[in-house]
Colleague: 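First, the structure itself, so that you have it in front of you.
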Amino acid sequence: MIEDAPAAADHAGEAGKPGEASPRVRVRGEPLAQLPDDLYIPPDALEVFLEAFEGPLDLLLYLIRRQNLDIRDIPILQVTRQYMEYIALMQRMRLELAAEYLLMAAWLAEIKSRVLLPRPAPDDPEEEDDPRMALIQRLQEYERFKTAAETIDQLPRMGRDHMAGQARPTAQPPALALPVPTLRDLLGALQATLARAELRGAHEVKHEPLSIRERMGLILDRLRGVERMRFESLLDPSEGRDGVVVSTIAVLELCKSALISVEQHKPFAPIFLRPPANSQHATEPS
């Protein structure tokens, strides 16, 4: 087995001596340094046979087309000579000739002899028989079929130009019947939904707008310079329930610190706030 070594072993511009093999040549894995003395290459080893025909009519049609001849007026002598040269070439190439090629050669020879030999003039000039007419008719018929076959061959063909899809769908599992929910299942789903809703509930913490410490200072300011004041006068209707609660807690804180005193003469009577006797020495809560 002869194989090429890597091209990297070759240096650009380097040439071997006569009789020496290229360092790229290897025989059974070993580099070949010297060509064998008994190396023999047949003279016809590089002959290439390019044309291939499907029959004798195909060969004749090729010869006519190659020379741009009129198929209705074939120069039978020239075509016969070229046909015989091709037959001789096939014999030199040691190719087996089919019987139809030899039969066509004999037919051409017959037509050639009939064209060359003199013939007696017919009684009617229009009935003159041309020995080439049978061959011309067969060539024309073969040309029509060959042209139609080439046209059909150029059409898109399944398996050559287009491939059919072979993908198969994956097997789908059988659809399972859905269970029918009961009343207990619906109640359980409702309970779980309500539980999730409670977890997502938000509680907003707002800043208290009313301050007990500020309300205590406000009460002391209003009691300063007066003998007493009704508790209801401290309430602001716009503050609502929050204002009543804040004012009540502020009053209790002031009473606890002995900064004010609370008076009520009888049950359900008005409540009065009064500063203590020593209010001149009292101070505001810090």
Side-chain angles (χ1 to χ4, degrees), residues 1 3-8 26 28-29 52 54 58 144-223 229-264 266-273 284-286:
M1 179 180 63
E3 57 183 7
D4 287 345
R26 291 179 177 268
R28 297 182 179 178
E54 298 178 357
D58 195 16
R144 289 195 298 268
F145 280 98
K146 183 178 179 63
T147 303
E150 292 176 353
T151 304
I152 295 176
D153 186 67
Q154 294 177 359
L155 298 177
R157 184 183 304 175
M158 183 62 67
R160 185 191 66 179
D161 304 315
H162 304 284
M163 296 296 175
Q166 300 294 332
R168 296 182 180 179
T170 56
Q172 298 293 336
L176 301 177
L178 298 177
V180 179
T182 60
L183 180 58
R184 179 176 298 179
D185 297 334
L186 295 177
L187 293 178
L190 177 60
Q191 183 179 3
T193 303
L194 295 177
R196 289 195 300 268
E198 291 179 358
L199 294 177
R200 295 182 180 180
H203 177 69
E204 184 179 359
V205 179
K206 297 182 179 179
H207 178 69
E208 182 64 41
L210 302 176
S211 174
I212 297 177
R213 183 65 60 181
E214 294 179 359
R215 187 58 52 91
M216 291 171 62
L218 178 61
I219 294 174
L220 291 177
D221 290 339
R222 296 188 63 177
L223 288 175
M229 182 176 55
R230 293 186 62 168
F231 176 73
E232 290 82 354
S233 62
L234 298 174
L235 303 179
D236 187 359
S238 62
E239 295 177 350
R241 182 183 301 177
D242 295 340
V244 175
V245 173
V246 171
S247 299
T248 303
I249 296 176
V251 169
L252 294 177
E253 289 290 336
L254 291 174
C255 292
K256 179 181 178 181
S257 303
L259 295 177
I260 62 173
S261 60
V262 180
E263 295 180 354
Q264 188 178 24
K266 58 181 179 179
F268 303 105
I271 299 175
F272 291 93
L273 304 179
E284 294 183 4
S286 57

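Keep in mind the model is a prediction, meaning the values are calculated, not measured. FYI, the numbering just counts along the sequence from 1.
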Colleague: F231 and side-chain contact (heavy atoms from CB on, under 4.5 Å): which single residue from V262, I219, L273 fits?
Modeller: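 The residue from V262, I219, L273 that satisfies side-chain contact (heavy atoms from CB on, under 4.5 Å) with F231 turns out to be L273.
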
Colleague: Between D242 and E239, is there a donor-acceptor pair closer than 3.5 Å when you use the side chain of the first and the backbone of the second?
Modeller: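 Not a single qualifying donor-acceptor pair exists.
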
Colleague: Report yes or no: does S257 contribute a side-chain atom to a donor-acceptor pair with the main-chain N or O of L254 at less than 3.5 Å?
Modeller: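 Checking the backbone N and O of L254 against the side chain of S257, no donor-acceptor pair under 3.5 Å is found.
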
Colleague: Quick check for you: to the nearest 0.5 Å, what is the distance between I152 atom CD1 and R157 atom CZ?
Modeller: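 These two atoms lie 9.5 Å from each other.
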
Colleague: Hey, does V251 have a side-chain heavy atom less than 4.5 Å from the side chain of C255?
Modeller: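 Touching, per the 4.5 Å side-chain cut-off.
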
Colleague: As an exercise, state the distance from CD of Q172 to OG1 of T170, rounded to the nearest 0.5 Å.
Modeller: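 Result: 4.5 Å between the selected atoms.
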
Colleague: Would the number of heavy atoms belonging to other residues, nucleotides or ligands and lying under 6.0 Å from CD of Q191 be above 12?
Modeller: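 Atom CD in Q191 is not packed in, count stays at 12 or less.
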
Colleague: So how far is it from L218 CG to R215 CZ, rounded to the nearest 0.5 Å?
Modeller: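 Those atoms lie 6.0 Å apart.
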
Colleague: For R184, is the CZ atom crowded, meaning more than 12 foreign heavy atoms sit under 6.0 Å from it?
Modeller: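 12 or below, so no.
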
Colleague: Between R230 and I271, does a side chain to side chain contact (heavy atoms under 4.5 Å, CB included) hold up when you go through it step by step?
Modeller: CA-CA 6 Å; R230 293 186 62 168; I271 299 175; over 6 Å; no

Colleague: Hey, what do you get for CE (M229) to CG (L223), rounding to the nearest 0.5 Å?
Modeller: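 Going from the CE atom of M229 to the CG atom of L223 covers 4.0 Å.
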
Colleague: Testing the basics here: between D236 and S238, what is the closest heavy-atom pair and its distance to 0.1 Å?
Modeller: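 Closest heavy-atom pair between D236 and S238: OD2-OG, 2.9 Å.
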
Colleague: Nearest 0.5 angstrom please: L187 CG to T182 OG1, how far?
Modeller: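 The distance works out to 8.5 Å.
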
Colleague: With sequence neighbours left out, which residue pairs that include part of residues 159-183 fulfil the salt bridge (Lys or Arg N to Asp or Glu O under 4.0 Å) condition?
Modeller: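 Output for this query lists D153-R160.
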
Colleague: Would you name the heavy atoms of P156 and H162 that are closest together and state the gap between them?
Modeller: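 Where P156 meets H162 most closely, the heavy atoms are CB-NE2, 3.4 Å.
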
Colleague: Would you please name every residue forming a salt bridge (charged side-chain N to carboxylate O under 4.0 Å, His left out) with E263, sequence neighbours left out?
Modeller: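 Expected list: R274.
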
Colleague: From M216 CE over to I260 CD1, what is the distance, rounded to the nearest 0.5 angstrom?
Modeller: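 That separation rounds to 8.5 Å.
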
